[in-house]
Structures are given as structure tokens and as C-alpha cells.
Amino acid sequence: MYGGGTTFEGVKTDSVLQEDPIKLAAFEARIERGEKIEPKDWMPQLYRKQLIRMIEQHGHSEIIGALPEGTWITRAPGFKRKMALMAKVQDEVGHAQLLYSAAETLGKSREAMIEDLISGKSKYSNIFNYPTFTWADCCFISWLVDAGAIVNQLANAKGSYGPYCRALERICAEESFHLKYGHHCVIYLATGTALQRQLFQEALNRWWPPMMHFFGPSDKISTHTEILMKWKVKMGTNDEMRNQFLDMYVPKILELGFTIPDHKLKKNTATGKWDYTEPDWEEFKRVINGDGPCNKERLEVRRIAEARGQWVRDALKKPKMEYVTPLA
Ligand code: BYC
């Protein structure tokens, strides 16, 4: 989609000290003015490294995120739901394509990104390492995980790196359909039988803690927020995004008659922010570092998909190879 990026593998630095101070100042002034940085523009190595890390992780999250919902395509209740879910899952994989293309403009090849995903080197969103036991779990993802993603992506679409922002704009447009679809699924359960309501309440109880983790560690312990906010890659801190999500969706969840499994959750009128039980950051760290309930299964599925598609990639790399001539 974007193409033509520089090749810039393996940026090692975590500092801007080695950068030319004049170029760095001009770069930061452009960001300050709200200009977009494009692939061939000068940028500090750390900006490139941070963008590759974040966009690549985002791409992986879309690919892996297709799996917990994907397993429900054949079991979704009714033909209409099956069709809609199939389209949604296909969109998520398409989002990964857009994001990998955006990351490639910074010089990391798609092959290297996929290799880092399936070897477990790269991270992807914590939330997709939990199982979708019931249809209601799937509805939780379609409504509330997509809602959280939109909060984050709408903000970051106004950020500084052109290719990422353009990919996010397109992704958000599609995600807004997912959100409507997910909300519809949940309203259907909420207005259904006692068992349907119970199914969604149980899903909410299971998914609330990983949902709170989804926005990243609290600002007090976040590693990258400061520099990413300075360079307008992130347009809100993790806590700001979490707070915005709570502002928008807690009332909607309560309106449907469900309860949120956190007795401390309350809007603090003095600060204008939500008070909540501090998420368990030790569990978060375990899950993002490979030790969640489904990490092994998720990566195994990707490894199998990669191996099964190898012959296609090999064939594409040999355009001169002769193929069997069709009989008719
Ligand atoms: N999960 O310094 P911090 C979707 C890591 S898919 C895993 O705050 P940062 C969907 C972080 O990488 C959309 N890891 O990080 C798809 C870092 O580790 P490293 C998902 C996380 O980057 C299919 C460390 O913790 N959205 O919606 O400043 C179906 C320290 O954190 C997470 C995106 O990917 C996490 N949740 O901020 C349905 C949005 N949080 O790299 C739906 C793009 C943190 O130093 N990403 N870590 O080893 C972002 O906006 C930011 O990367 C984050 C984290 C806000 C997530």
C-alpha cells in the first residue's frame, strides 16, 4: 500500500544523544506544528525504533485478535451472525495488512515481523490470550474490545507519523461497523432470556480485568509513554485512554442492566476521573510475556498457518518456474 520505504534493520539505540542536534530540533519543531512525518523524511533513530515496535505489535494484535472470535464463526447463532462475524474477522486480518505495510515503510521487512511474532519475540495485545468459552465472550470482544481499540486509535490517528495515521483512519472506519455489530449482539443477549443475560454477565466478569489491562500499564509504570507523547505517536497516556473508555462505556453497560465486577469503580467528581481497583500488573506482565491461558495455542495456530502457506510464498518467489499447462 505504501511501499518505497528505506531499509533500516535493527535500530539499536534507546537515546537521542547521538543525533545531530540541529536536525533533531527541526524534527521536533515540525511535530510541534502538527506536521506529518513521512517515510523519507529525516527522523531520529529512536522515533523509527519506537514506531516499528508499536505498529508491529498493533499488526500482530490484529492477526492474533482474529483467532478468539474466528473460532466462533461456525458456532455463531444463526446465519446472519455467522456472515457478520466472518466479515469482521476478515477485516481484522486486513487491518494487520495495513499496519504491516505502515511498519515496512520504516525499514523492517514483513518476513522479519512475522518471524518475531511466531518466535515469541514480539508482543501483541494481552487481551487475545484469554479463551472465548461462550458466544457471550465473543460478543464482549466485538463490542467492548473494539470500543477500547477505537478510543485508542481515533486519538492516535491524529499523531505524527503519516503512514500509521492513514492506516488508523481506515481501520477506525471499519471498526465502527464492528462496534455497532458487537453492541447489537450484546443488546440481543441483554433483552433475551435469563440464561442469555447470565451468559453475558459471566463473560463481563471474565473479561473485565484483561480489558482494564488492554490500555497498557498505569502511567506511573509505563516505559514508553513519555517519549511517545512528546513525539505525538501516542496522543493520550494509557490512563487517559482507560479513563475515556470508562467514561463512554460504563454508562452503556449499566444501562443494559449488567454489573461491573469492581466494587471500587466510581467516577470521582473531584478529579473528574474514574476510581477503580488497581489492575493486577503482575498478571499483565505474565500474560504479555508469554504465560497467559492461551499464548501457546495462539502462536501455535500462527506457526501452522505460516508453514501451510510456505508453498505459496515459495512459488511467488520463482516467477520463471514452469507450471503444468492446464488441459483446457
Ligand atoms: N498488551 O510503555 P508502555 C484490536 C507492553 S487490536 C500487550 O505503556 P506503550 C482487535 C508494551 O508493548 C488493537 N503488551 O507501552 C483485533 C511495552 O513492552 P515492550 C490493539 C502491552 O507502547 C481483533 C510494555 O508493555 N491496539 O483491537 O507506550 C479483534 C510497557 O508498556 C500492552 C493496539 O495495538 C497490552 N495491552 O503503550 C478485535 C494499539 N500494553 O514493547 C479487536 C496500539 C503495553 O517495551 N498500541 N504493553 O516490550 C498502543 O497504543 C500502545 O502500544 C499501548 C501501550 C497503549 C498498547
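Order of appearance sets the numbers: ligands from 1, and atoms from 1 within every ligand. Note that this is a predicted model, so its numbers are computed, not measured.
- Annotation: atom 40 (N) of ligand 1 to nearest protein heavy atom, G216 CA, 3.3 Å.
- The nearest protein atom to atom 56 (C) of ligand 1, hydrogens excluded, is given as F214 O, 4.3 Å; this is a heavy-atom distance.
- In the displayed structure, I22 atom CD1 is contacted under 6.0 Å by at most 12 heavy atoms of other residues, nucleotides or ligands.
- The cationic group of K252 lies under 6.0 Å from the six-membered ring centre of Y249 and within 45° of the ring axis, placing it in a cation-pi geometry.
- Here the side chains of E240 and M229 are in contact, with some heavy-atom distance below 4.5 Å.
- By heavy-atom distance, the residue among G236, S218, P217 lying nearest atom 44 (C) of ligand 1 is P217.
- Shown in contact with F215 at under 4.0 Å from a heavy atom are these atoms of ligand 1, numbered in order with element: 55 (C).
- Two residues are said to be in side-chain contact when any heavy atoms from C-beta on lie closer than 4.5 Å; W72 and D137 fail this criterion.
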Begin with the C-alpha distance, continue with both residues' side-chain angles, and end with the deciding distance and a verdict on side-chain hydrogen bond (donor to acceptor under 3.5 Å, both in side chains) for E56 and S122. CA-CA 8 Å; E56 177 183 354; S122 276; 2.8 Å; yes

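- Of all the heavy atoms of Y124, the ones lying under 4.0 Å from any atom of ligand 1 belong exclusively to the backbone.
- For atom 10 (C) of ligand 1, the nearest protein heavy atom (residue, atom name, distance) is F128 CZ, 3.4 Å.
- By heavy-atom distance, the residue among Q57, K123, K121 lying nearest atom 12 (O) of ligand 1 is Q57.
- R313 and Q310 form a side-chain donor-acceptor contact under 3.5 Å, judged by distance and modelled atom types alone.
- The nearest protein heavy atom to atom 24 (C) of ligand 1 is not closer than 4.0 Å.
- Residue contacts with ligand 1, taken as heavy atom pairs separated by less than 4.0 Å, involve T223 via backbone and side-chain atoms alike.
- Listed by number with element, the atoms of ligand 1 under 4.0 angstrom from any heavy atom of L228 are 28 (O).
- Using a cutoff of 4.0 Å between basic side-chain nitrogens and carboxylate oxygens, E38 and R166 are scored as salt-bridged.
- The heavy atom nearest to atom 37 (O) of ligand 1, out of those in K234, E69, H178, is found in K234.
- Counting protein heavy atoms only, atom 39 (C) of ligand 1 is closest to N152 OD1, 3.5 Å.
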Evaluate the criterion salt bridge (Lys or Arg N to Asp or Glu O under 4.0 Å) for residue pair R170 and E174; output intermediate values, then yes/no. CA-CA 7 Å; R170 158 106 185 251; E174 292 183 359; 3.3 Å; yes

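- Using a 4.5 Å heavy-atom threshold, the side chains of E92 and D146 count as touching.
- Within 4.0 Å of atom 53 (C) of ligand 1, not a single protein heavy atom is present.
- For an aromatic pair to be called close, the ring centres must be under 6.0 Å apart, and H184 with W143 fails this.
- Contact annotation for H58 and ligand 1: heavy atoms of both the backbone and the side chain come within less than 4.0 Å of the ligand.
- For ligand 1, one of its N or O atoms has an N or O atom of N238 under 3.5 Å away.
- When heavy-atom distances to ligand 1 are checked against a 4.0 Å cut-off, I288 comes that close only through its side chain, counted from C-beta outward.
- Every side-chain hydrogen bond (donor to acceptor under 3.5 Å, both in side chains) that D239 has, sequence neighbours left out, goes to R242.
- Protein heavy atom at the shortest distance from atom 46 (N) of ligand 1 is M54 CG, 3.9 Å.
- When heavy-atom distances to ligand 1 are checked against a 4.0 Å cut-off, F284 comes that close only through its side chain, counted from C-beta outward.
- Nearest-heavy-atom check against atom 11 (C) of ligand 1 across H95, R53, K88, Q50 picks out R53.
- Under 4.0 Å is where a charged nitrogen must lie from a carboxylate oxygen, and between E282 and K285 at least one such pair does.
- When the shell of 6.0 Å around CD of E35 is examined, it contains more than 12 heavy atoms from other residues, nucleotides or ligands.
- Looking at E283 and H213, their side chains never bring a donor and an acceptor atom within 3.5 Å of each other.
- Nearest protein heavy-atom contact of atom 3 (P) of ligand 1 is S222 OG, 3.4 Å.
- The local environment of NZ in K180 is sparse, with at most 12 non-hydrogen atoms from other residues, nucleotides or ligands closer than 6.0 Å.
- Counting heavy atoms closer than 4.0 Å to ligand 1, residue I127 contributes nothing at all.
- Not one N or O of D146 is nearer than 3.5 Å to an N or O of ligand 1, by distance alone.
- Protein heavy atom nearest atom 45 (O) of ligand 1, with residue, atom name and distance: H224 NE2, 2.6 Å.
- Protein heavy atom at the shortest distance from atom 1 (N) of ligand 1 is N126 N, 2.8 Å.
- Taking the six-membered ring for Trp, F214 and F245 have ring centres at least 6.0 Å apart.
- Between E175 and ligand 1, a contact under 3.5 Å exists for no N or O pair.
- Contact atoms of ligand 1 toward Q153: 13 (C) (distance under 4.0 Å to a heavy atom of the residue).
- The shell of residues lying under 4.0 angstrom from ligand 1, judged by heavy atoms, excludes K285.
- Ligand-side atoms of ligand 1 in range of A149: 27 (O), range being under 4.0 angstrom from any heavy atom.
- Close approach of ligand 1 to H213 is summarised as follows: ligand atoms under 4.0 Å from at least one heavy atom of the residue are 36 (N).
- Only the side chain of Y164 comes within 4.0 Å of ligand 1, judged by heavy-atom distances.
- Both the sub-6.0 Å distance and the 45° axial angle are not jointly satisfied by R302 relative to the ring of Y124.
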